[in-house]
Q: 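Structure in structure tokens, see below.
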Amino acid sequence: MNIKKELETKVGIANGIYLNNIEIDPLTIKAIMINEVVPSDPLQDFYGIPEADYLKTTIPLLRGAGTDVNSIQDILQKGIYITNAVKTPKTEYTIDKSSIENSLPYLEAELALFPNKKVIMLMGDVAKKAFNMITKKATKKNAIPAVSTYKLRSNEIYYEGIRVMPSYIMTGGNILIEKSKVTMATEDIATMLEIIR
């Protein structure tokens, strides 16, 4: 299945929306990691060039969690699909609510493509916010409580039988500055890997 074509068929073609133009078998995916926002240059995204900026921080996190990966193909072969909550590049320092809302139909349809998912990892506050917007639409309440991520990490949160794990952002230059968040994200990824083994 081509993810981009599938989502455009389900949701429609929108100007400025970046979707993952990759072929994968959705049945092989057991975990979805939702990053915050697409980069302004699509080549720097997870499925862009082999040395893409987004992979420069993501691959070390996965390796730190104990899995041997060197490329996005290795990650997919482990049953892990990575996407972005916001499908349009950010134009301001922060991501406004309308950017999340515009991308939501795509993210919701994307999550529904993977029937064997056991874990959804929310990598950062924007991913957490987007996921809550999806669950609130369906159940009238947030799946993820509105408390700090570090307080949520010890709780097991489930939505429709799927483990949902709020964690920390996995892309961008700032990730390397905050060592404690890198450590916690790595621990969270290790837990996800245990669940999908």
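Because the structure is predicted, anything quoted here is derived from the model rather than measured.
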Q: Among all residues two or more places apart in sequence or in another chain, which pass the ring-ring contact (aromatic ring centres under 6.0 Å, His included) test with Tyr159?
A: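 ring-ring contact (aromatic ring centres under 6.0 Å, His included) list for Tyr159, sorted by chain: Phe131.
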Q: Among residues at least two apart in sequence or on other chains, which ones pass salt bridge (charged side-chain N to carboxylate O under 4.0 Å, His left out) with Lys78?
A: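 With sequence neighbours excluded, Lys78 shows a salt bridge (charged side-chain N to carboxylate O under 4.0 Å, His left out) to no residue whatsoever.
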Q: Please write out which residues are connected to Leu43 in a hydrophobic cluster, directly or through intermediates, given that two of Ile, Leu, Val, Met, Phe, Trp, Tyr count as joined at side-chain heavy-atom separations below 4.5 angstrom.
A: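 Once heavy-atom contacts under 4.5 Å are chained together, Leu43 belongs with Ile49.
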Q: Between Gln44 and Ala52, is there a donor-acceptor pair closer than 3.5 Å when you use the side chain of the first and the backbone of the second?
A: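 Not a single qualifying donor-acceptor pair exists.
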Q: Check side-chain hydrogen bond (donor to acceptor under 3.5 Å, both in side chains) between Tyr106 and all other residues, then give those that pass, not counting sequence neighbours.
A: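 Expected list: none.
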Q: Side chain to side chain donor-acceptor pair (under 3.5 Å): which pairs involve residues 107-121, sequence neighbours left out?
A: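 Sorted result for residues 107-121: Tyr81-Glu110, Thr83-Glu110, Lys87-Glu110, Glu108-Lys137.
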Q: Once rounded to the nearest 0.5 Å, what's the spacing between atom CE of Met192 and atom CE of Met121?
A: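 Spacing of CE (Met192) from CE (Met121) equals 5.5 Å.
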Q: So, taking the atom named OH in Tyr168 and the one named CD1 in Ile189, what distance separates them when rounded to the nearest 0.5 Å?
A: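 With rounding to 0.5 Å, OH (Tyr168) is 13.0 Å from CD1 (Ile189).
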Q: I'd like to know if Asp188 and Arg153 make a salt bridge, using a cut-off of under 4.0 Å between side-chain N and carboxylate O.
A: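 Yes, Asp188 and Arg153 are salt-bridged.
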Q: Linking I/L/V/M/F/W/Y whenever any side-chain heavy atoms sit under 4.5 Å apart, do Val126 and Met184 land together?
A: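 No: no chain of side-chain contacts under 4.5 Å links Val126 to Met184.
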Q: Check whether any side-chain N or O of Ser99 sits under 3.5 Å from a backbone N or O of Ile95 as a donor-acceptor pair, and report yes or no.
A: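 Not at all, since once roles are kept as given, no pair shorter than 3.5 Å links the two residues.
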Q: For the side chain of Ser148 and the backbone of Tyr150, is there at least one donor-acceptor N/O pair under 3.5 Å apart?
A: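 Checked: no pair found.
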Q: Just to verify, what does Thr171 make a side-chain hydrogen bond (donor to acceptor under 3.5 Å, both in side chains) with, not counting sequence neighbours?
A: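 With neighbours one apart ignored, the set is Asn35.
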Q: What is the minimum heavy-atom distance between Ala85 and Ser103, and which atoms define it?
A: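 Answer, listing the atom of Ala85 first, then Ser103: O-CB, 3.4 Å.
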Q: Quick one: closest heavy-atom pair of Leu111 and Ile32, and the distance?
A: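 Shortest heavy-atom contact: CD2-CD1, 3.8 Å.
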Q: Measuring from atom CD1 of Ile144 to atom NZ of Lys136, what distance do you get when rounded to the nearest 0.5 angstrom?
A: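 With rounding to 0.5 Å, CD1 (Ile144) is 13.0 Å from NZ (Lys136).
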Q: So which residues get pulled into Tyr18's cluster when ILVMFWY side chains under 4.5 Å apart are joined, directly or through others?
A: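 Tyr18 clusters with Val38.
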Q: CG of Leu193 to CG of Leu62: how many Å apart, nearest 0.5 Å?
A: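 One gets 6.5 Å once the value is rounded to the nearest 0.5 Å.
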Q: If hydrophobic clusters are built from ILVMFWY residues whose side chains come within less than 4.5 Å, do Leu27 and Leu113 share one?
A: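 No, separate clusters.
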Q: Among Ile, Leu, Val, Met, Phe, Trp and Tyr joined by side-chain contacts under 4.5 Å, find the other residues sharing a cluster with Tyr158 and list them by chain and number.
A: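 Reading the cluster by chain and number, Tyr158 sits alone, since nothing else belongs.
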Q: For Asp25, is there any backbone N or O sitting under 3.5 Å from a side-chain donor or acceptor partner on Thr28?
A: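 It does hold such a pair.
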Q: Between atom CD1 of Ile75 and atom OG1 of Thr67, what is the distance when rounded to the nearest 0.5 Å?
A: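 Separation between the atoms: 8.5 Å.
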Q: Please name the pair of heavy atoms, one in Ser167 and one in Ala185, separated by the smallest distance, quoted to 0.1 Å.
A: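 So the two residues come closest at OG-CA, 3.5 Å.
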Q: Write out all pairs satisfying side chain to side chain donor-acceptor pair (under 3.5 Å) with one or both partners inside residues 121-135, taking only residues at least two apart or from two chains.
A: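 Applying side chain to side chain donor-acceptor pair (under 3.5 Å) to every pair that reaches into residues 121-135, excluding sequence neighbours, yields Lys128-Thr149.
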Q: List for me each residue that meets side-chain hydrogen bond (donor to acceptor under 3.5 Å, both in side chains) alongside Ser98, sequence neighbours excluded, and say none if there are none.
A: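 Listed in chain order: Asp96.
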Q: Roughly how far, to the nearest 0.5 Å, is CE of Met123 from OG1 of Thr57?
A: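 Reported value, rounded in 0.5 Å steps: 9.5 Å.
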Q: Which atom pairs, one a donor and one an acceptor, fall under 3.5 Å between side chains of residues 7-17 and the rest of the protein, sequence neighbours left out?
A:
residue, atom, partner, partner atom, Å
Glu8, OE2, Lys4, NZ, 3.3
Thr9, OG1, Lys5, O, 2.8
Lys10, NZ, Glu6, OE2, 3.4

Q: What residues, two or more places apart in sequence or in another chain, satisfy side-chain hydrogen bond (donor to acceptor under 3.5 Å, both in side chains) together with Asp45?
A: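 Scan of Asp45 (side-chain hydrogen bond (donor to acceptor under 3.5 Å, both in side chains), adjacent residues dropped) gives Asn84.
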Q: From the options Ile120, Ile157, Thr191, select the one residue that forms a side chain to side chain contact (heavy atoms under 4.5 Å, CB included) with Arg163.
A: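 Between Arg163 and the candidates, side chain to side chain contact (heavy atoms under 4.5 Å, CB included) is satisfied uniquely by Thr191.
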